[in-house]
Undergrad: 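I have a structure I would like to understand better, so I am pasting it below and will then ask my questions one at a time.
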Number of protein chains: 2
Amino acid sequence: MEGSMQCNANYVPLTPISFLERSAIVYGDKLSLVFGNDKYTWSQTHQRCIKLASSISQLGVSHHDVVAVLAHNTPATYELHFGVPMSGAILCTLNTHTDSSMVSLLLKHCDAKILFVDHQLLDIAKGALDILSKSSTKLATLVLILESDAQNSNTYVSPETLIYENLIAEGKLDFEVKKPKDEFDTISISYTSGTTATPKGVIYSHRGAYLNALSTVIINEMISSSVYLWCVPMFHCNGWCVPWSMAAQGGTNICLRNLTAKSIFEDVFKHKVTHMGGAPTILNMIINAPLEFRKPIPWKVQVMTGGAPPPPGVFAKMEELGFYVTHAYGMTETYGPASICTWKPEWSCLPQDVQAKLKARQGVLHVGMEGLDIKDPVTMKSVPADAKTIGEIMFRGNNVMKGYLNDLKGTKNAFKDGWYKTGDLGVKHPDGYIEVKDRSKDIIIFGEDIYISTIELESVIYNHPAVFEVAVVGRPDEYWGETPCAFVKLKEGYNATEEEIMQLCQKSLPHVMAPQTVVFGDLPKTSTGKTQKYVLREKTKAMGSLSKIKCISKETFFNVK
Amino acid sequence: MEGSMQCNANYVPLTPISFLERSAIVYGDKLSLVFGNDKYTWSQTHQRCIKLASSISQLGVSHHDVVAVLAHNTPATYELHFGVPMSGAILCTLNTHTDSSMVSLLLKHCDAKILFVDHQLLDIAKGALDILSKSSTKLATLVLILESDAQNSNTYVSPETLIYENLIAEGKLDFEVKKPKDEFDTISISYTSGTTATPKGVIYSHRGAYLNALSTVIINEMISSSVYLWCVPMFHCNGWCVPWSMAAQGGTNICLRNLTAKSIFEDVFKHKVTHMGGAPTILNMIINAPLEFRKPIPWKVQVMTGGAPPPPGVFAKMEELGFYVTHAYGMTETYGPASICTWKPEWSCLPQDVQAKLKARQGVLHVGMEGLDIKDPVTMKSVPADAKTIGEIMFRGNNVMKGYLNDLKGTKNAFKDGWYKTGDLGVKHPDGYIEVKDRSKDIIIFGEDIYISTIELESVIYNHPAVFEVAVVGRPDEYWGETPCAFVKLKEGYNATEEEIMQLCQKSLPHVMAPQTVVFGDLPKTSTGKTQKYVLREKTKAMGSLSKIKCISKETFFNVK
């Protein structure tokens with residue numbers, strides 16, 4: 001268009017670094033971070049991040065080098081979300097539950113130049129560097145994050161070890177912050193924590209991080225007086241991008257190291273927390289907290305949950321305590337939540353069980369996303385919005401990852417046909433809300449034509465008063481292909497029988513969908529609280545087939561059981 | 001970075017069209033627009049905009065053609081903010097107070113292919129087309145916007161006239177919406193309403209509109225239950241981008257045609273308005289409303305004001321009525337508000353007059369902006385944050401216009417040195433907040449070295465209980481260059497003398513800054529409520545010089561007066 005031009009005055013690559021710079025001016029004296037007795041203002045956080053970036057730069061890190069972090073939800077981890085990008089480097093937050101062997105693999109995979117490590121996780125880091133030194137791989141420089149209080153007085157620090165606070169102290173405040181020249185430049189890498197066995201390095205851009213941070217503020221209705229309690233690990237999808245959101249709105253972050261019911265309730269009351277997030281395990285922790293801590297909050301705490309649909313009953317119990325839960329859905333590949341079960345005021349008049357069902361759906365598009373659809377993955381045709389027809393859930397938009405690190409084939413496969421294919425199966429309701437039925441690899445195919453949703457089965461089993469947690473997987477079957485097998489963890493002091501669980505399912509579902517096997521015990525979990533179904537599937541393989549007879553009829557099969 | 005790729009799955013050009021598409025799903029049944037008895041849901045608004053886009057396309061408009069709109073704040077104007085871009089065309093909203101001659105000039109300047117016109121403004125449009133036909137310029141197709149009620153029954157509609165509702169009725173719902181391929185593509189053109197005489201065509205991009213809309217939601221703390229009362233004309237900087245913001249958050253727009261104190265109070269109560277915006281004239285209208293309408297609102301209405309700093313006292317009076325005013329600052333070139341006087345909770349404890357002074361400042365950076373600074377326009381050095389040193393206010397960021405239509409020279413001049421130079425003069429306070437002292441062309445230079453801020457003078461004169469409005473400009477002076485001249489409009493039934501005004505100024509400012517001339521009467525205004533100082537300057541030119549003696553001393557001058 002004649003008369004227009006693009007220049008520094010009217011085009012600036014999007015980056016969340018801008019949020020911190022703005023908050024340092026607009027909210028300079030306001031609390032940015034609280035961690036035990038440590039408190040920082042936005043102006044201090046900004047200055048510390050500049051100095052951190054300066055020191056990272058001094059360590060010889062070049063533009064687009066990777067800086068890894070193995071740390072809990074402390075102010076340091078928060079600061080690294082800005083300090084690393086401000087040095088021009090790429091942030092790679094590692095799962096704190098990973099062992100040395102996996103850490104060594106990941107450090108090598110992303111070619112990390114520095115590893116920042118929490119003093120509580122130093123042994124894992126040292127172990128990882130030991131493994132790398134044996135394979136004569138170039139070692140990452142180790143920087144140790146100590147705490148201001150006495151908790152880390154026992155940590156042995158060798159004279160040559162770099163200390164986080166020293167880096168900040170020595171950093172230069174006049175360091176020229178390196179902002180991206182292209183907003184599609186990489187800001188971070190997150191390894192999928194994996195309900196599958198092999199982590200993939202998911203790449204985020206400055207643009208995606210900026211847009212997701214703004215969308216998250218809007219979706220969560222965060223304002224500048226909002227106080228966010230850190231229950232989502234910052235290593236997980238960069239804490240759903242909330243470190244950047246909080247800087248955009250100038251709210252206050254409450255960090256805590258040990259997630260217990262006690263610490264959550266204490267922090268919520270002490271800091272007047274307004275927002276938090278967490279996997280359903282956190283919600284379980286809250287509603288099953290010992291009575292001495294479990295006090296109703298007199299104000300509204302907005303809780304975003306995701307990872308798995310919370311079992312029915314959880315929403316109501318949370319609300320009684322003052323926690324208003326919104327169910328979101330997404331994955332590392334979508335910067336965390338990508339769809340959200342937006343609540344309609346008129347639903348509040350419906351019976352509790354109907355409300356719970358509506359709320360457990362995965363909902364509608366996040367503001368930052370452009371497309372959410374359920375399609376036939378082969379024809380790419382949308383399924384009808386009939387709440388019945390199953391298809392694959394797909395996303396499209398600026399909050400879809402750049403790709404998988406060093407795996408262009410994987411990236412191309414994920415983006416085939418111009419959509420990101422989640423691998424999750426679901427249906428679309430007539431009101432446009434989607435509902436996940438299963439991971440495509442989790443769904444149980446009984447016989448040739450019967451698809452059994454393990455999630456549906458699980459939500460029925462959750463209605464049993466003794467059930468604390470449940471996961472259903474397919475058990476290989478010589479005749480039927482697979483039959484449903486339920487792994488159940490009971491609440492402490494409660495009891496239930498195999499038969500009770502099966503009958504409960506037969507009451508509310510077609511008989512064919514009821515589990516043929518029920519196993520009681522603990523469920524294997526990822527560090528982000530997701531059940532590792534692949535571990536359970538291994539167990540069912542070891543069990544062997546239930547039906548050995550080749551020509552059994554469906555009726556006989558169910559009568560035999 | 002190896003493994004990443006940019007494709008349709010993870011990169012979508014930003015455009016506010018996406019907000020409407022999302023709201024149609026997420027807030028489908030929720031009210032989008034209310035106008036008298038007319039009500040629309042987001043789903044209906046979405047469908048109407050698609051059909052509108054389809055019909056615009058059918059009229060032979062090609063990609064990037066301009067579609068002009070001369071209309072009040074009705075649902076049609078709102079719909080055109082989406083329908084026009086969805087057809088691939090560019091929206092040009094014209095000032096409803098413009099006369100036929102100016103409309104003809106602007107239509108020709110932007111080469112508009114269609115002109116949508118409100119039935120109340122049909123005569124102006126017809127006049128403009130008459131003028132164009134005489135100069136054998138290709139005429140824009142005229143589309144008449146009628147109303148569903150009887151108000152327009154007198155409008156003569158010739159058989160060949162296109163009617164807005166017919167276009168919508170005939171539009172196709174399966175029309176393929178044309179989204180921008182490049183997010184820097186033009187979405188709209190806004191002619192500056194002009195405190196100067198010649199309007200300039202300011203070009204906005206889809207990217208800028210998207211980002212400003214999100215920032216506006218965040219800055220105004222708008223949530224999905226927010227209700228916005230339309231007092232800012234949508235033709236002015238596209239209503240500060242709020243049409244797009246409301247779609248992003250799925251709130252409700254209350255349109256009203258005639259802005260009166262009565263209609264504002266009625267609509268606020270009837271629709272439980274939570275947000276509105278408006279020039280200080282609107283605030284004046286509210287606080288000076290007849291007692292029969294002026295009832296305190298029992299909830300909080302957030303009001304964004306801009307254009308000129310509201311006179312002291314206005315904030316407190318507004319708050320007594322339930323309207324919480326935030327002062328913002330910006331111009332057409334910055335998509336409307338670009339800085340905002342963010343309130344700090346601790347300020348609420350200060351005396352009212354100190355609060356008013358703090359609140360009247362232009363504040364700090366808007367979320368969507370990257371840089372706000374006060375610089376020496378020659379050396380480009382930042383002024384110290386001492387609240388004293390005057391420099392030019394400059395912005396940088398994605399919410400700075402693309403440029404001026406057909407005026408690359410003007411664009412380059414505005415963007416010289418990588419910043420957008422506003423032409424406003426101001427100071428930076430130690431807390432980082434900026435304060436406008438004057439337009440660079442308004443500031444009065446007395447002698448060689450004394451700079452008199454007309455805004456400062458005006459704010460003192462506003463303290464006189466009889467003063468309704470005031471504007472100060474320089475009066476040419478043979479000896480001093482310029483002397484201050486105050487134009488004062490008194491409140492109805494009140495009186496004041498020239499002497500009183502001068503003495504008031506001499507009490508609180510250095511004598512040299514007091515006006516030497518005071519003129520009582522109405523002030524000339526632009527349609528957006530800004531005082532046209534260039535008209536007043538013409539008047540002072542006609543007055544001639546005050547001091548004729550060549551060698552007068554400052555002391556003599558003031559004693560003579």
Undergrad: Does a side-chain heavy-atom distance below 4.5 Å link A/Phe184 with B/Asn10?
TA: yes

Undergrad: Among A/Gln249, A/His64, A/Gln6, which residue forms the greatest number of heavy-atom pairs with chain B at distances under 4.5 Å?
TA: A/Gln6

Undergrad: For B/Ser224, is it the side chain, the backbone, both or neither that has a heavy atom under 4.5 Å from a heavy atom of chain A?
TA: both

Undergrad: With a 4.5 angstrom heavy-atom cut-off, could you sort out which part of A/Leu214 is near chain B: side chain, backbone, both or neither?
TA: both

Undergrad: Among B/Ile223, B/Thr334, B/Ile25, who wins on heavy-atom pairs under 4.5 Å with chain A?
TA: B/Ile223

Undergrad: Say whether, by atom type as modelled, one donor and one acceptor occur between the side chain of A/Ser4 and the main chain of B/Gly403 under 3.5 angstrom.
TA: no

Undergrad: Check whether A/Met401 gets within reach of chain B through its side chain, its backbone, both or neither, counting any heavy atom under 4.5 Å.
TA: backbone

Undergrad: If we define contacts as heavy-atom pairs under 4.5 Å, which of A/Arg207, A/Met5, A/Lys421 has the most with chain B?
TA: A/Arg207

Undergrad: So A/Val367 and B/Phe19, do their side chains get closer than 4.5 Å, heavy atoms only?
TA: yes

Undergrad: Count the heavy atoms belonging to other residues, nucleotides or ligands that lie under 6.0 Å from NZ of A/Lys375, then report whether that count exceeds 12.
TA: yes

Undergrad: Taking NZ, NE, NH1 and NH2 as the nitrogens, is one of them in B/Lys30 or A/Glu346 under 4.0 Å from a carboxylate oxygen of the other?
TA: no

Undergrad: Could you tell me which residues satisfy side-chain hydrogen bond (donor to acceptor under 3.5 Å, both in side chains) with A/Ser23, sequence neighbours excluded, listed by chain and number?
TA: none

Undergrad: Find the distance between OG1 (A/Thr342) and OH (B/Tyr27) and round it off to the nearest 0.5 Å.
TA: 5.0 Å

Undergrad: Does atom NZ of A/Lys272 have more than 12 heavy-atom neighbours from other groups under 6.0 Å away?
TA: no

Undergrad: Checking the side chain of A/Asn398 only, and the main-chain atoms of B/Val12 only, is there a donor and an acceptor separated by less than 3.5 Å?
TA: yes

Undergrad: Without swapping roles, check the side chain of B/Arg22 against the backbone of A/Leu365 for a donor-acceptor pair under 3.5 Å.
TA: yes

Undergrad: Return the option, out of A/Leu408, A/Leu372, A/Ile189, A/Val217, with the maximum number of heavy-atom pairs under 4.5 Å with chain B.
TA: A/Leu408

Undergrad: So for A/Ser205, is it side chain, backbone, both, or neither that comes closer than 4.5 Å to the heavy atoms of chain B?
TA: neither

Undergrad: Which atoms of B/Asp407 come close to chain A, meaning under 4.5 Å heavy atom to heavy atom: side chain ones, backbone ones, both, or neither?
TA: backbone

Undergrad: Which one, A/Phe415, A/Tyr210, A/Tyr433, A/Trp419, leads in non-hydrogen pairs under 4.5 Å with chain B?
TA: A/Phe415

Undergrad: If you count heavy-atom pairs within less than 4.5 Å of chain A, which of B/Ile218, B/Thr411, B/Asp431 leads?
TA: B/Ile218

Undergrad: Are the charged groups of A/Lys402 and B/Glu2 less than 4.0 angstrom apart, N to O?
TA: no

Undergrad: At a heavy-atom distance under 4.5 Å, which candidate from B/Gly201, B/Gly432, B/Ser18, B/Pro345 has the highest pair count against chain A?
TA: B/Ser18

Undergrad: Would you compute the distance between atom CD of B/Glu221 and atom CE of A/Met222 and round it to the nearest 0.5 angstrom?
TA: 13.0 Å

Undergrad: Could you tell me which residues satisfy side-chain hydrogen bond (donor to acceptor under 3.5 Å, both in side chains) with B/Tyr404, sequence neighbours excluded, listed by chain and number?
TA: B/Glu333

Undergrad: Find the one option among A/Gly397, A/Ala414, A/Gly28, A/Ser225 whose heavy-atom pairs under 4.5 Å with chain B are most numerous.
TA: A/Gly397

Undergrad: So do A/Leu14 and B/Leu211 actually touch side chain to side chain, heavy atoms under 4.5 Å?
TA: yes

Undergrad: Tell me which of these, A/Lys412, A/Lys409, A/Glu370, has more heavy-atom pairs under 4.5 Å with chain B than the rest.
TA: A/Glu370

